[in-house]
Every structure is written in structure tokens, then in C-alpha cells.
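Take a look at the structure set out below.
Values reported hereafter were calculated over all heavy atoms of this structure, with side chains retained and with hydrogens, waters and symmetry mates removed. So that the names make sense, note that chain A is the first sequence line, chain B the second, and so on, each numbered from 1. These numbers were taken from a predicted model, which means no experiment stands behind them.
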Amino acid sequence: MNRERRRALSCWYLSGPTASGKTKVGVSLAKRIGAEIISLDSMAIYRDMDIGTAKPTDDELGGVPIHLINIVDPSEEYSLAQYIKAAHEKIDEIHNRGKRVLFVGGTPLYLKGMLRGIFEGPPADKDFRQKLQDKMEGHPPELLHEMLAKIDPESAKKLHPNDIRRVVRALEVYELTGKPISSFQKQFDSGVTSEECHVYVLQWPREELYARIEKRVDKMMYEGFLDEVKRLTERKLEISTTARQALGYRELLDYLDGKMKFGQAVDLIKQNTRNFAKRQETWFRSLSECRYTPGAAPMFALEHDEPPDG
RNA sequence: GGGGGAUUUCCCGAGCGGUCAAAGGGGGCAGACUGUAAAUCUGUUGUCAACGACUUCGGAGGUUCGAAUCCUCCAUCCCCCA
């Protein structure tokens, strides 16, 4: 196990699907263990996107420091690798201050990136992707997959021909490094057990979770979510593709573009959020590090579960 | 009061005598996922002792070797003329 991974595993984590109550529980947990919070959220990194990302307010934080929110402008793209790098820097900073680190958030890919590490690969290459797209003009998507099968049969076998994004990335990595992406990805498969780390996942019965989501979306609308999105569209800078795919924002953006009625947009936000929550849960199930705790009454058994040093 | 149209599996919606447990979409459920991830992709979805059987297409009858598809009556909804 390398140094990065050891460092990541020395931190505490609180995750769970959207609307599971992570912020509230996270803040109280942070206070109990003397931690600063690092947000584990792919959208809260954006400034000016507050209501829709359910960013914690100063009031909710009650003085607990939080990091990696409001660090990029909505016009900028952002990626997994950037997050992981920034997070590791933050961990060092906080540890040097003699505090513990508690990650709080619901982006499972980022969670896995912390827990299992990521591979040092080349960033996305827009030119390459553009060229590939031009080349594919008029050809069936299976052709890409066939191309991949020739250079990296292992990845091709794992990827569905329709999974164009991943097929393209695999092709891209090969083009840029001369090595198949499958040769980089081997290390992430095995994780430590939940007893060996502090990764907590808030859990709710599905029905209750869905009801909480509905309620929360209504609350966001009441708090002025639409105005927040309007303000975003009034800026000079275009909203980046990463930022505009945030739940709620994309539906409201479509509404403002006249693509649907307001009520439809709100219903869609609820629906898409429910689907997302379900996908998050699939992730948690796949990570051996996760320890479940009931969202309604999380218990952290601090007395006989001493946190690791550092 | 008269004329016309509709009723399909959780929802929307195809089907118009056999190849129909019934296209497609939505939803549900499950899975994948490492530089777009709150994204993207995949599988599954009547029941069962399940390569076969059984029950479904508003209800009840009928025609036919055979019906979700044709006929009759009933129910509900919609439209048009009064």
C-alpha cells in the first residue's frame, strides 16, 4: 500500500445518497472527533451554485471548517484527478494543524478515488476526441469498440460497445501513452474491510429516502433555486459542461430555455434525483470499506472504536 | 334525446384474427463505472414446480380450429348535434 492510500485511509468518511442527512450528521461527528471537513462532492466545488448543491451554510457548520467547496468558477471544467490531488493536499494541511479529517459528501467515484487511489494517466485530450468524432461520422458506434478490441482486448471485453465515453477514453489513453488503459486500472479492485477504516454510509429505507428527496427539492425551489440558476445564465461566462450537468441546474436551464414547463422541470428534478440516489447506493454496495448506519439514528460507537492516530 | 370515439400489462402508448405475455417510452429493480461522474452505459420487469405451463388487454356472453384484435349487451370516459 502506497503512501497516498495510507494517508487517505487515515481519514474518516461520511457518505450516503442525496438527502440522507450527511451535512447535519457530519458536522456533529466532526465536532465529536475534532475534525475539519473536506467536502466529497463533485458539484459543491462550484462557486455560486449553492441552493441546488445543498451546500452547507455557516449556520449549519457551526464553526467547523470545511474545504473544497467554492473552489472553481461554474465556467470551468473539473475532474476526478483534480479533486483527488486537491484533497490530498488538504489532508496534509489539516493534519499539520493537528486536526483530524472527515470527508463528507456523496460523490461515490471520488470516494473510491480516495479509498483505492487513481492511476496517473493523461488528462482528456479534446483534439483527440474531436478527431475521433469526425472520423466516426457516419459509422456505427460498434466500430470504436472494434478499434479498442485490437489494441486493448482486455478493456474491450469489459466495456459495452454502447459505452462510448469509456471506449473513447480507453482509446485516448492508448494513443497518449502507448499502453492500454487496462494496464493502469488493475490496482483498484481490492479494498480494505470496513473494520480497517472509518467509512460510514447513511442508510434509509428506499421509500423514505425518496420522500425526503421530494421534500428537499420543494424546499430548494422555495428557497430560490430558480433565481440562482437565472443568475448563472446572466453571467458573461458560459457554464461549463461539468457544471451544467448538475442535477436541478440542467432541468432548470432547460426550463429557462423554454424546453419544458416549470412544473415538469421540478418533477424531473425529483425523478432524476431519485435515480441518482439509487445509483449512489449501488456504488456503496460495491465498496468493501463502507459501514452502514441508519440515517435516522446514526451511531458511531466512539467509545469502543478509537480513531486511528494522525 | 340523437351521432361518433375511447377503455391494453405499475403509468403513457403501439397492436386491429394466428408469428402476442403483447412494440416503444416512462417508472421500479439490479449491475457497471478511475481525468464530464449530480455524468454515462447495461440488464431486467404477468405468475409458477419456469427451455414448459398457467392467468392477462373495462365486464358478461358469442362467432372462429384460433381473438387484445370480429359480433352482442352492460359499465365508465370523451367529442359532436339537440
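- Atom name C1', nucleotides G46(B) and A60(B): the rounded distance is 23 Å, in whole Å.
- As a whole-Å value, the separation of Leu144(A) CG from U40(B) C1' is 15 Å.
- Remark: Gln245(A) is in phosphate contact with A37(B), judged by side-chain N or O atoms under 4.0 Å from OP1 or OP2.
- A centroid separation of less than 6.0 Å is found between the aromatic rings of Tyr249(A) and Phe225(A).
- In terms of phosphate contacts, Arg206(A) brings a side-chain nitrogen or oxygen within less than 4.0 Å of OP1 or OP2 of C29(B).
- When the side-chain nitrogen and oxygen atoms of Asn275(A) are compared with OP1 and OP2 of G28(B), one or more of them lie within a distance under 4.0 Å.
- Note: NE2 (His145(A)) to C1' (U42(B)) measures 12 Å, nearest angstrom.
- Gly121(A) comes within 4.0 angstrom of a nucleotide base, judged by non-hydrogen atoms across all strands.
- Atom-to-atom, CG of Asp163(A) to C1' of A37(B) comes out at 12 Å; the value is rounded to the nearest Å.
- Contact check, Asn162(A) against C41(B): no side-chain N or O comes under 4.0 Å of OP1 or OP2.
- Between the CE atom of Met49(A) and the C1' atom of A39(B) there is a distance of 13 Å, rounded to whole Å.
- Nucleotide G1(B): paired with C81(B) (Watson-Crick or G-U wobble, both distances less than 3.5 Å).
- With a cut-off of 3.5 Å on both Watson-Crick or G-U wobble distances, the partner of A30(B) is given as U42(B).
- The same atom, P, is picked in G61(B) and in C57(B); the two are 12 Å apart, to the nearest Å.
- For the pair Glu172(A) CD and U36(B) P, the interatomic distance rounds to 8 Å; values are reported in whole Å.
- Between Arg235(A) and Asp73(A) there is a salt bridge, since a side-chain N of the basic residue sits under 4.0 Å from a carboxylate O of the acidic one.
- Across all strands, Thr53(A) comes closer than 4.0 Å to base atoms (heavy-atom distances).
- Straight-line distance from the CG atom of Leu287(A) to the P atom of C33(B): 10 Å, rounded to whole Å.
- Whole-Å rounding puts the Phe284(A) CZ to A37(B) P distance at 16 Å.
- To the nearest whole angstrom, the two C1' atoms, one in G15(B) and one in U7(B), are 15 Å apart.
- For G24(B), the paired nucleotide is C12(B), the pair qualifying as Watson-Crick or G-U wobble because both relevant distances are below 3.5 Å.
- Distances from the side chain of Arg285(A) to the nucleotides A30(B), G35(B), C33(B) place A30(B) closest.
- Regarding contacts with the backbone of U36(B), every side-chain N or O of Gln82(A) stays at 4.0 angstrom or more from both OP1 and OP2.
- Proximity note for Trp283(A) (side chain, C-beta onward) versus C33(B), G27(B), A30(B): the nearest is C33(B).
- In this structure a side-chain-to-backbone donor-acceptor pair under 3.5 Å is present from Ser240(A) to Ala243(A).
- For the P atoms, the distance linking C11(B) with C16(B) amounts to 23 Å, nearest Å.
- At whole-Å resolution of the value, CZ in Arg166(A) and P in A39(B) are 12 Å apart.
- A donor N or O paired with an acceptor N or O is not found under 3.5 Å between the base of A32(B) and the side-chain atoms of Lys158(A).
- Take the nearest nucleotide of RNA chain B for Thr18(A) and for Leu80(A): the residue whose nucleotide is more 5' is Leu80(A).
- The partner of U72(B) is A60(B), judged by Watson-Crick or G-U wobble contacts that both fall below 3.5 Å.
- Every residue two or more places apart in sequence or in another chain that forms a salt bridge (charged side-chain N to carboxylate O under 4.0 Å, His left out) with Glu214(A) is listed here: Arg274(A).
- Remark: Arg165(A) is not in phosphate contact with A39(B), judged by side-chain N or O atoms under 4.0 Å from OP1 or OP2.
- Among the protein residues, Gly248(A) comes within range of no part of the nucleic acid, since none of its heavy atoms lies under 4.0 Å from any strand.
- Phosphate proximity of A30(B) to Arg279(A): absent, as no side-chain N or O sits under 4.0 Å from OP1 or OP2.
- Comparing G35(B), C29(B), U36(B) by their nearest atom to the side chain of Pro123(A) picks out G35(B).
- Annotation: the span from Lys55(A) atom NZ to Ile45(A) atom CD1 amounts to 9.0 Å, rounded to 0.5 Å.
- Heavy atoms of Tyr46(A) sit nowhere under 4.0 angstrom from any nucleic acid atom.
- Across U76(B) and A82(B), the matching C1' atoms stand 23 Å from one another, rounded to whole Å.
- Look at G52(B): its Watson-Crick or wobble partner, with both distances under 3.5 angstrom, is C48(B).
- Here the CG-CD1 distance, from Leu232(A) to Ile239(A), works out to 4.5 Å after rounding to the nearest 0.5 Å.
- Between Thr282(A) and G31(B), a side-chain N or O to OP1/OP2 separation shorter than 4.0 Å is present.
- At distances below 3.5 Å, not a single donor-acceptor pair connects side-chain atoms of Glu251(A) with backbone N or O atoms of Val266(A).
- At the heavy-atom level, Gln271(A) lies under 4.0 Å from the strands shown only through sugar-phosphate atoms.
- Which of A37(B), A39(B), G35(B) sits closest to the side chain of Met43(A) comes down to A37(B).
- C73(B) and G25(B) have their C1' atoms separated by 36 Å, given to the nearest Å.
- The partner of C65(B) is G18(B), by the rule that a Watson-Crick or G-U pair needs both atom distances under 3.5 Å.
- Within 4.0 Å of Phe184(A), counting heavy atoms only, lies no atom of the nucleic acid at all.
- Spacing of C1' atoms, A21(B) relative to A14(B), comes out at 15 Å, to the nearest Å.
- Spacing of C1' atoms, U9(B) relative to A22(B), comes out at 8 Å, to the nearest Å.
- Each of C33(B), A37(B), G35(B) was ranked by its minimum atom distance to the side chain of Thr107(A); first place goes to A37(B).
- Regarding contacts with the backbone of U36(B), every side-chain N or O of Arg244(A) stays at 4.0 angstrom or more from both OP1 and OP2.
- Shown here are the salt bridge (charged side-chain N to carboxylate O under 4.0 Å, His left out) partners of Glu4(A), two or more places apart in sequence or in another chain: Arg7(A).
- A salt bridge links Glu281(A) and Arg206(A); the closest N-O separation between the charged side-chain nitrogens and carboxylate oxygens is under 4.0 Å.
- The side chain of Ser286(A) has A32(B) as its nearest neighbour among C41(B), A30(B), A32(B).
- Tyr110(A) has no side-chain polar atom (N or O) that falls below the 4.0 Å cut-off from OP1 or OP2 of A39(B).
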